[in-house]
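One structure is given below, encoded as structure tokens.
Note that these values count all heavy atoms, side chains included, but never hydrogens, waters or copies made by symmetry. Here is how names work: the chains are called A, B, and so on, in the same order as the sequence lines, proteins then strands, and each is numbered from 1.
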Number of protein chains: 2
Amino acid sequence: MFTTHTYSVRRKRLAEDLTDGIVLLPGNEESSMNYADNLYHFRQDSSFLYFTGIDRPYLVLAIDAESGEEMLFGDDQGIEDIVWTGPLTKLTEQSARAGIANVRPMGSLPALLQKAAAKGRKIHYVKPYRPELILKLASWMNVTVKELMENVSLPLVKAIIAQRSLKSVEEIAAIEKAVDITVDMHAAAISISREGMNESEIAGRLQGIAVSSGGQLAFPTILTVNGQYLHNHAAGNVLQNGQMVLCDGGAETAMHYAGDMTRTFPAGKKFTAMQSEAYDIVLNAHTAAVEMLRPGILFRDVHFKACEVLAEGLKELGLMKGDSKEAVQQGAHALFFQCGLGHMMGLDVHDMENLGEAYVGYSDTVKKSTQFGLKSLRLGKELEEGFVLTIEPGLYFNPYLMDEWAATKKHAGFINYDKLEPFRTLGGIRIEDDYVITGKGSRLLGKELVRDRLGIEAMR
Amino acid sequence: MFTTHTYSVRRKRLAEDLTDGIVLLPGNEESSMNYADNLYHFRQDSSFLYFTGIDRPYLVLAIDAESGEEMLFGDDQGIEDIVWTGPLTKLTEQSARAGIANVRPMGSLPALLQKAAAKGRKIHYVKPYRPELILKLASWMNVTVKELMENVSLPLVKAIIAQRSLKSVEEIAAIEKAVDITVDMHAAAISISREGMNESEIAGRLQGIAVSSGGQLAFPTILTVNGQYLHNHAAGNVLQNGQMVLCDGGAETAMHYAGDMTRTFPAGKKFTAMQSEAYDIVLNAHTAAVEMLRPGILFRDVHFKACEVLAEGLKELGLMKGDSKEAVQQGAHALFFQCGLGHMMGLDVHDMENLGEAYVGYSDTVKKSTQFGLKSLRLGKELEEGFVLTIEPGLYFNPYLMDEWAATKKHAGFINYDKLEPFRTLGGIRIEDDYVITGKGSRLLGKELVRDRLGIEAMR
């Protein structure tokens, strides 16, 4: 699916976009759990994967942006490594598959970098997010950690984002595989959950599905009766009738593309009346948002529309009042929806988050807000054909936040504080699917999984 | 099960063993996968767990060994954290449960350490195995990374090992829970594996069992038809009749105690004749080793005995010749058994490996060998009542190693190189269980899972 040509073309364009200096893309290393040799599963850096396709630790790609020379730095195994891990493909073979002509020993990298820097050439690298690479990069370039972090290359950040934002047909197919497995995970969660089961029992089954498919979880599963907390991974509660279960989970395929979906379902057989009303508001917001998706629209405006639908619904429930548009502009709805409507998705579940949301999700003209709620919107800029993103509106009845706001009667013109009491224990609802922006609108990725309340109940 | 008293007693003894300076035990932090906020599951440092029982990132325990003052450094959440993660227990409450009187903000730790160092007081810490802690410790103490790594405290290493090596009744019960889940994982692997299944499909099911029980995998599962490579995690082959499947996996409980077992079974219904012969040799070695376990014996001698049983069996197969004892002393058996018979197990699957095998598994009088094979024996010293360890003999028919040795006719007096050919593709066999050293001998931990060949076949 992805050929040698795929990776060569990507790297050539990257070098052309940079025009000068040396592009340095370090792959990830192994990560230790409770001692050096007990390892978390290896996760390659996504940009390294995008430009090489090589899924192996302790490698660095360097491209001379002027000469176009491409070099893979790394070391082959010795016989004692083979006793422990079995034979790995030779680096020359892996680099040839990626179309990279030169393989060099890792030990020769520092000299190359320091020589280039001495000649005044720019070393382009993005901000490292793993501490071992912070230590190594600083050492290789012979700079302090402070200097290292101050000299990341904005041109490289922008050049990578320019390519990775627009998913090719092959990439979309790869993402749909991840979404299909993700659908299986959610269908299982909805079908197998029963009163009396522990959250972790269900979460374990989902992880088993992801790993059994040859991949991993794309992110730690949120499977909780406390969906009112947005990223609550503490799975340990026993499901009780009357509760709702919020499941936000996704698979990462062997190719490392991600899926990301959320379904909310009753711990018993049916939603209660109050849960049903809240659920339908979230579903309406999801539908309204999807209808707006098309190239050229600001995703921030899609977010605002979803928020307004939520606010309208909350007015019907008696929790909000006043003009919904105005309430959303002032951020009053954020008492119930404290985060953003969606984010880019690809090789990373929050795609390219390590490169900075200011560049991935925003632009020179569309800047990120600092308002509570809106500041958690990871994507605000104009959509383009080939963007892949999530749509995930929700309602989160967080009693701590209610108390915090009530203490100062925040946004009192929009919130009916005297009506909050029965909703303090309602929990949280989120409905999330993945979409690709097409020429005229959008397309749901992967197999369709029922979203509506009656359909969900029918699966219980 | 573990009470406030448990942790207080452990810390008091630690302070008494050190007598001077400040004991610094940093807990682990979160670990990033493909961007800063996409996290591997959190794994607390085992020594931090042992002395506090607190399973939460970004904490540091400090004990003044002279005054006995105990301080937990860390910071509580703000309201915006609660929106994302839900409310966490207050640090004062967690520290009270652990019997630690003082909670202090993390920001006050560097001053305390630098002031103490300025007074010439020793800061006792063990070698950090996570890069973020290397960076932080160096910064807190205002030393270079090189200075940091050179000044680890051997007295602290020894004091921790002295306590953690001897498992209490409560710890043994906690380990047995982990082993019981581990037994369930292996019973599932043996029962569900079928020709045509992918290795990762089975490995995923095992991971699901571990996570569903409320814990995690204790280490990455080895589930492979290429068991001849000792730690081969590349799960992606399709099981074929005639192959053997080697499954080395273990659960870590919610309390973070580990189980570690290996079973080897036919991918089809029955072992072949050649597989059966090799299997029974490994089983004999396992039985012979267990029979020797008792306080006072050198584990190295148990290892030698197991190796001799393997060598005797290999002589009957025609692969080895000469005196078995002599062959083992010279390391000739290591062509087929390249590693050690077992290791300590507890909060870490290789217990306390981060503290150094020279102290955990060896002593001033029993030093680790540098001989190929024997140098991978993690435990050599005299056994004591309360040690928990694995017994895991194996036979690994590694064609690369055969070629390497054949090229120089290494140990030609003990190896029949002309007989190796039919065994090049046999694979690997390991049979592993977990034992506690008792007053007079040893006891198998956890539920018993069939080890013999016919019993294994009956489960297929």
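Looking at A/Ser32, both its backbone and its side chain come within 4.5 Å of chain B, counting heavy atoms on both sides. Contact annotation for A/Leu355: neither backbone nor side-chain heavy atoms come within less than 4.5 Å of a heavy atom of chain B. Contact annotation for B/Arg130: only side-chain heavy atoms (C-beta onward) come within less than 4.5 Å of a heavy atom of chain A. Only the side chain of B/Glu404 has a heavy atom closer than 4.5 Å to any heavy atom of chain A. Neither the backbone nor the side chain of A/His256 comes within contact range of chain B; no heavy atoms are under 4.5 Å apart. Contact annotation for B/Ser47: neither backbone nor side-chain heavy atoms come within less than 4.5 Å of a heavy atom of chain A. Heavy-atom distances place the side chain of A/Asn38, and not its backbone, under 4.5 Å from chain B. Contact of B/Leu135 with chain A is made through the side chain alone, with heavy-atom distances under 4.5 Å. Contacts of B/Leu347 with chain A are made by backbone atoms alone, with heavy-atom separations under 4.5 Å and no side-chain atom involved. Neither the backbone nor the side chain of A/Ala210 has a heavy atom closer than 4.5 Å to any heavy atom of chain B. For A/Asp348, the parts lying near chain B are the backbone and the side chain together; criterion is any non-hydrogen pair under 4.5 Å. Heavy atoms of B/Asn28 lying under 4.5 Å from chain A belong exclusively to its side chain.
Here A/Gly208 is the residue among A/Ala254, A/Ala203, A/Gly208 with the most heavy-atom pairs under 4.5 Å with chain B. Note on A/Pro87, A/Gly215, A/Ala36: by heavy-atom pairs under 4.5 Å with chain B, the leading option is A/Pro87. Of all the listed residues (A/Gly204, A/Ser31, A/Ser46), the one sharing the greatest number of non-hydrogen pairs under 4.5 Å with chain B is A/Gly204. Most heavy-atom pairs under 4.5 Å with chain A, from the set B/Tyr396, B/Phe372, B/Tyr400: that is B/Tyr400. When each of B/Ser376, B/Ser212, B/Ala218 is scored by its heavy-atom pairs under 4.5 Å with chain A, the top score falls to B/Ser212. Most heavy-atom pairs under 4.5 Å with chain A, from the set B/Asn354, B/Val83, B/Ile222: that is B/Val83. Counting heavy-atom pairs closer than 4.5 Å to chain B, the top residue among A/Leu206, A/Asp37, A/Val349 is A/Val349.
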Exercise for review: Show your reasoning for whether side-chain contact (heavy atoms from CB on, under 4.5 Å) applies to B/Arg424 and B/Asp403.
Suggested key: CA-CA 10 Å; B/Arg424 290 177 69 90; B/Asp403 289 344; 2.8 Å; yes
**Study point:** Worked check of side-chain hydrogen bond (donor to acceptor under 3.5 Å, both in side chains) between A/Tyr129 and B/Asn34
**Key:** CA-CA 8 Å; A/Tyr129 54 89; B/Asn34 45 336; over 6 Å; no
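Judged purely by distance below 3.5 Å, without hydrogens or angles, the side chains of A/Arg56 and A/Gln44 never pair a donor atom with an acceptor atom.
A/Ile209 approaches A/Ala188 most closely through the heavy-atom pair CD1-CB, 3.6 Å.
Environment of CZ in A/Arg205: sparse, with no more than 12 heavy atoms of neighbouring residues, nucleotides or ligands closer than 6.0 Å. Within 6.0 Å of CZ on B/Phe42 lie more than 12 heavy atoms contributed by other residues, nucleotides or ligands.
Interatomic distance, A/Glu199 CD to A/Thr224 OG1, rounded to the nearest 0.5 Å: 4.5 Å. How far CD of A/Gln207 is from CD of B/Gln207: 4.5 Å, rounded to the nearest 0.5 Å.
Residues passing the ring pair (Phe, Tyr, Trp, His ring centres under 6.0 Å) test with A/Tyr40, sequence neighbours excluded: B/Tyr40, B/His41. Every residue meeting the salt bridge (charged side-chain N to carboxylate O under 4.0 Å, His left out) condition with B/Arg430, not counting sequence neighbours, appears here in chain and number order: B/Asp248, B/Glu392.
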